[in-house]
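Single-structure report; data block below.
Computed from a predicted structure; not experimentally measured. Sequence positions, counted from 1, serve as the residue numbers for this chain.
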Amino acid sequence: QVQPVESGGGLVQAGGSLRLSCTTSSRTFSDYNMGWFRQAPGKEREFVACIHRSGGSSVYAGFVKGRFIISRENAKNTVYLQMNSLKPEDTAVYYCAAGRAAWASGGYDYWGQGTQVTVSS
């Protein structure tokens, strides 16, 4: 079973950067497509980015606009989300998710507990 665990959240000023990490203990991590989602207070959870199990393909939400980069290291069972040029509207709880057949539209079977990202103006 895959149990994602996120880390790396925190408080940052607008324009700053953070790198989120998501690790799992699964020996089959490389079988899973991985995604990042976020949920701001009072809003629904939304897709941020996803990456293919091979690391060879990725998709981003439009609001990312080249600011975020998703990557993975299968040897370390870890997926990353590098977030640059952060804006106050990026403030949210960020979730990592895994799914064998998952992609931008859904299909994620396993979810982490989330990590808080707060961007001050």
Side-chain angles (χ1 to χ4, degrees):
Q1 185 172 354
V2 177
Q3 180 55 59
V5 178
E6 305 94 338
S7 62
L11 174 64
V12 64
Q13 289 188 332
S17 298
L18 279 176
R19 188 177 79 158
L20 305 183
S21 299
C22 172
T23 62
T24 80
S25 60
S26 173
R27 295 181 179 180
T28 59
F29 175 77
S30 60
D31 289 346
Y32 290 84
N33 296 339
M34 301 296 294
W36 286 98
F37 292 76
R38 71 185 189 183
Q39 187 167 19
K43 295 186 177 181
E44 293 188 353
R45 185 169 60 193
E46 62 181 352
F47 167 78
V48 176
C50 64
I51 188 166
H52 190 265
R53 61 182 65 84
S54 69
S57 178
S58 59
V59 174
Y60 295 90
F63 61 77
V64 169
K65 294 181 181 178
R67 300 183 297 129
F68 296 0
I69 300 172
I70 188 171
S71 61
R72 66 189 295 162
E73 289 188 76
N74 286 345
K76 295 184 178 180
N77 286 4
T78 302
V79 61
Y80 305 97
L81 185 68
Q82 177 67 43
M83 304 187 295
N84 302 317
S85 301
L86 283 162
K87 306 174 182 180
E89 51 264 43
D90 293 318
T91 295
V93 177
Y94 283 72
Y95 297 91
C96 175
R100 291 181 184 270
W103 205 232
S105 59
Y108 292 88
D109 301 309
Y110 304 100
W111 293 83
Q113 294 299 308
T115 185
Q116 176 70 47
V117 172
T118 303
V119 184
S120 62
S121 57

| Just wondering, do F68 and V48 contact through their side chains at under 4.5 Å, heavy atoms? | yes

| query | If every non-hydrogen atom of T91 is compared with every non-hydrogen atom of Q116, which pair is closest and at what distance? | reply | CG2-NE2, 4.0 Å

| request: With the side chain counted from C-beta on, respond yes when D90 and R67 share a heavy-atom pair under 4.5 Å apart, and no when they do not. | output: yes

| Does any non-hydrogen side-chain atom of W111 lie less than 4.5 Å from one of P4? | no

| task | Give a yes or no on whether Q113 atom CD has more than 12 heavy-atom contacts from other residues, nucleotides or ligands under 6.0 Å away. | result | no

| message | Please list all pairs meeting disulfide (SG to SG under 2.5 Å) that have one or both residues in residues 41-90, counting only residues at least two apart or in different chains. | response | none

| query | Do F37 and F47 have ring centroids that are under 6.0 Å from one another? | reply | yes

| query | Which pair of non-hydrogen atoms, one from S17 and one from S85, has the smallest distance, and what is that distance? | reply | OG-N, 4.3 Å

| message | Please determine whether residues V64 and V12 belong to a single hydrophobic cluster, defined as Ile, Leu, Val, Met, Phe, Trp and Tyr linked transitively by side-chain heavy-atom distances below 4.5 Å. | response | yes

| field | Y95/Q39 under side chain to side chain contact (heavy atoms under 4.5 Å, CB included): CA gap, chis, key distance, verdict | value | CA-CA 8 Å; Y95 297 91; Q39 187 167 19; 4.1 Å; yes

| Looking at side-chain heavy atoms only, is the closest gap between F29 and V2 below 4.5 Å? | no

| task | Give the intermediate values and the outcome of side chain to side chain donor-acceptor pair (under 3.5 Å) for residues Y80 and E73. | result | CA-CA 8 Å; Y80 305 97; E73 289 188 76; 2.7 Å; yes

| query | Any cation-pi pair here, R72 with Y32, using under 6.0 Å and within 45°? | reply | no

| field | Considering all heavy atoms, the nearest G35-Y108 contact | value | N-CE2, 3.5 Å

| Check against side chain to side chain contact (heavy atoms under 4.5 Å, CB included), R19 and M83 | CA-CA 6 Å; R19 188 177 79 158; M83 304 187 295; over 6 Å; no

| query | Are E46 and F63 close enough that some pair of their side-chain heavy atoms sits under 4.5 Å apart? | reply | yes

| said: Once rounded to the nearest 0.5 Å, what's the spacing between atom OG of S121 and atom CD of Q13? | reply: 9.5 Å

| query | Sub-3.5 Å donor-acceptor pair from the side chain of T115 to the main-chain atoms of G9, do we have one? | reply | yes

| Is there side-chain contact between V117 and L18, with at least one heavy-atom pair below 4.5 Å? | yes

| task | For the residue pair T78 and C22, establish whether any side-chain heavy-atom pair is separated by less than 4.5 Å. | result | no

| query | Quick one: do L81 and W103 end up in the same hydrophobic cluster if we chain Ile, Leu, Val, Met, Phe, Trp and Tyr together by side-chain heavy atoms under 4.5 Å apart? | reply | no

| query | Should Y94 and V59 be counted in the same cluster of Ile, Leu, Val, Met, Phe, Trp and Tyr side chains packed under 4.5 Å apart? | reply | no

| So how far is it from R100 CZ to D31 CG, rounded to the nearest 0.5 Å? | 4.5 Å

| task | Tell me, with the steps shown, if N74 and R53 meet side chain to side chain contact (heavy atoms under 4.5 Å, CB included). | result | CA-CA 8 Å; N74 286 345; R53 61 182 65 84; 5.8 Å; no

| query | Should M34 and C96 be marked as a side chain to side chain contact (heavy atoms under 4.5 Å, CB included) after you check the CA-CA gap, both sets of side-chain angles, and the distance that decides it? | reply | CA-CA 7 Å; M34 301 296 294; C96 175; 3.5 Å; yes

| field | pair W36-I51: side-chain heavy atoms closer than 4.5 Å | value | no

| query | Transitively linked via ILVMFWY side-chain contacts under 4.5 Å: V79 with Y60? | reply | yes

| field | Spacing of OG1 belonging to T24 relative to CG belonging to N77, to within rounding of 0.5 Å | value | 4.5 Å

| query | With no hydrogens and no angle check, is any side-chain donor or acceptor of N33 less than 3.5 Å from a backbone partner on H52? | reply | no

| field | L20 with I69, same ILVMFWY side-chain cluster at under 4.5 Å | value | yes

| request: Work out which heavy atom in S120 is nearest to a heavy atom in L11; give both atom names and the distance. | output: CB-CD1, 4.3 Å

